[in-house]
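Report on the structure given below.
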Amino acid sequence: MSKAVFFDRDGTLINYIPYLHRTTQVKILPHVYPALRLLKKAGFKLFVVTNQAGVAHGFFKEEDVLKVNHYISNQLQLYDCYIDGWYYCPHHPYAKILDYKVRCDCRKPNSGMLVKASLEHNVDLSRSFIVGDRMIDLIAGQVKGCDGLLVLTGLGMNEFRSNHPLPESFISLLSAARWITHHARGI
């Protein structure tokens, strides 16, 4: 079975803008390209797991999520960075759009997106990591045995200031990737 790193999207890989849904809003964060290349070189599969409640609230459509994900994927590929799978949850328990008003297992902090990725790509979650800018990202992985790392980008600094005990925290995705490769040698 493979080892993997799961990433939140907004605030971890790209700038954080509430309910981002246009490709023109996307800005890849500094250090993302070398971080992804380092992890890939170390033998990790890479996945994006993102809550997209804007769909459930009627702010944008699932096609918009897919367009943004495709755009990010293309931007990453220009710099030799490849994501093995993209997973998103369009649900919210208090949704405006009734079809999406669901208490699902995929919405973080639940771990349904990670479980789906692990089944589809033969990933051992106990040998894997999750990186995000919010505690709900880390909890989604930790309940399935993944080590969780907080990046201080996006909403990360707010999470860092308000949570105790503090999780492993990093100023950038590159510093988190270096930590992962160092600590995963024995896996």
Side-chain angles (χ1 to χ4, degrees), residues 2 4-23 25-29 32 36 44-76 82-126 128-151 153-156 158-159 163 167 173 176:
S2 301
V5 180
F6 297 89
F7 302 97
D8 176 50
R9 190 187 81 177
D10 303 347
T12 303
L13 296 177
I14 65 171
N15 57 322
Y16 175 78
I17 295 175
Y19 302 112
L20 181 146
H21 63 283
R22 293 187 188 100
T23 59
Q25 297 172 296
V26 172
K27 181 181 177 203
I28 308 259
L29 290 172
V32 167
L36 297 181
F44 287 93
K45 288 186 177 183
L46 308 178
F47 300 97
V48 175
V49 290
T50 178
N51 287 347
Q52 293 298 316
V55 173
H57 296 312
F59 300 147
F60 50 88
K61 300 190 179 302
E62 284 193 67
E63 302 97 60
D64 298 314
V65 175
L66 297 173
K67 284 178 189 174
V68 167
N69 289 350
H70 184 72
Y71 176 81
I72 296 167
S73 183
N74 286 341
Q75 294 302 303
L76 294 174
Y82 300 91
I83 300 295
D84 294 289
W86 293 81
Y87 296 87
Y88 70 94
C89 174
H91 309 117
H92 195 280
Y94 305 110
K96 177 181 174 185
I97 310 296
L98 292 180
D99 287 345
Y100 296 104
K101 190 174 184 173
V102 177
R103 289 192 186 277
C104 62
D105 68 345
C106 57
R107 182 172 175 74
K108 294 179 289 184
N110 297 319
S111 56
M113 290 185 281
L114 284 79
V115 170
K116 184 175 183 183
S118 72
L119 293 172
E120 291 178 356
H121 296 272
N122 197 32
V123 169
D124 181 351
L125 292 174
S126 69
S128 299
F129 299 83
I130 187 161
V131 183
D133 68 325
R134 297 184 62 206
M135 291 303 295
I136 64 168
D137 302 320
L138 309 188
I139 292 166
Q142 290 169 337
V143 298
K144 292 298 179 181
C146 297
D147 286 329
L149 288 75
L150 181 73
V151 287
T153 52
L155 299 173
N158 293 338
E159 292 286 303
N163 283 284
L173 192 59

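Every heavy atom of this structure was used, including side-chain atoms; hydrogens, water molecules and symmetry mates were not.
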message: Please determine whether side-chain contact (heavy atoms from CB on, under 4.5 Å) holds for the pair Tyr88 and Arg9, giving the CA-CA distance in whole Å, both sets of side-chain angles, and the decisive distance to 0.1 Å.
response: CA-CA 9 Å; Tyr88 70 94; Arg9 190 187 81 177; over 6 Å; no
Atom pair [atom1]/[atom2] of [X] and [Y] - distance to nearest 0.5 Å:
X      : Y      : atom1 : atom2 : answer
Leu149 : Phe7   : CG    : CZ    : 10.0 Å
Asn51  : Asp137 : CG    : CG    : 7.5 Å
Leu36  : Leu173 : CG    : CG    : 6.0 Å
Lys116 : Asp105 : NZ    : CG    : 10.0 Å
Asp84  : Ser2   : CG    : OG    : 8.5 Å
Lys67  : Ile72  : NZ    : CD1   : 14.5 Å

With side chains defined as the heavy atoms from C-beta onward, is the minimum distance between [X] and [Y] less than 4.5 Å?
X      : Y      : value
Val55  : Ile97  : no
Gln52  : His21  : no
Phe44  : Leu46  : yes
Asp64  : Phe59  : no
Asn69  : Val48  : no
Leu29  : Val151 : no
Leu114 : Lys144 : no
Pro90  : Val65  : no

Quick one: closest heavy-atom pair of [X] and [Y], and the distance?
X      : Y      : value
Cys106 : Met113 : O-CE, 3.2 Å
Gly156 : Leu150 : O-CD2, 3.8 Å
Ser126 : Asp124 : OG-OD1, 2.6 Å
Asp8   : Leu13  : O-CG, 3.7 Å
Ala4   : Val123 : CB-CG1, 3.7 Å
Tyr16  : Gly154 : CB-CA, 3.9 Å

task: In sequence, state the C-alpha distance, the side-chain angles, and the governing distance for Val32 and Leu76, and then conclude on side-chain contact (heavy atoms from CB on, under 4.5 Å).
output: CA-CA 9 Å; Val32 167; Leu76 294 174; 4.1 Å; yes
Answer yes or no: is there a donor N or O on one side and an acceptor on the other, between the side chain of [X] and the main chain of [Y], under 3.5 Å?
X      : Y      : result
Glu159 : Leu155 : no
Asn15  : Gln25  : yes
Thr153 : Gly11  : yes
Ser118 : Val115 : yes
Lys108 : Arg134 : no

Working for side-chain contact (heavy atoms from CB on, under 4.5 Å), residues Val49 and Ile130: CA-CA 9 Å; Val49 290; Ile130 187 161; 4.3 Å; yes
message: For a quick check under 3.5 Å, do Tyr100 and Glu62 share a side-chain donor-acceptor pair by atom type?
response: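 A pair is found: one side chain offers a donor N or O, the other an acceptor, under 3.5 Å apart.
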message: Less than 6.0 angstrom from the centroid, inside 45 degrees of the normal: does Arg107 satisfy that with respect to the ring of Tyr87?
response: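 No, cation not above the ring by the 6.0 Å, 45° rule.
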Heavy atoms from other residues, nucleotides or ligands near NE2 of His121 exceed 12 (cutoff 6.0 Å):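 Buried by this count: over 12 neighbours within 6.0 Å.
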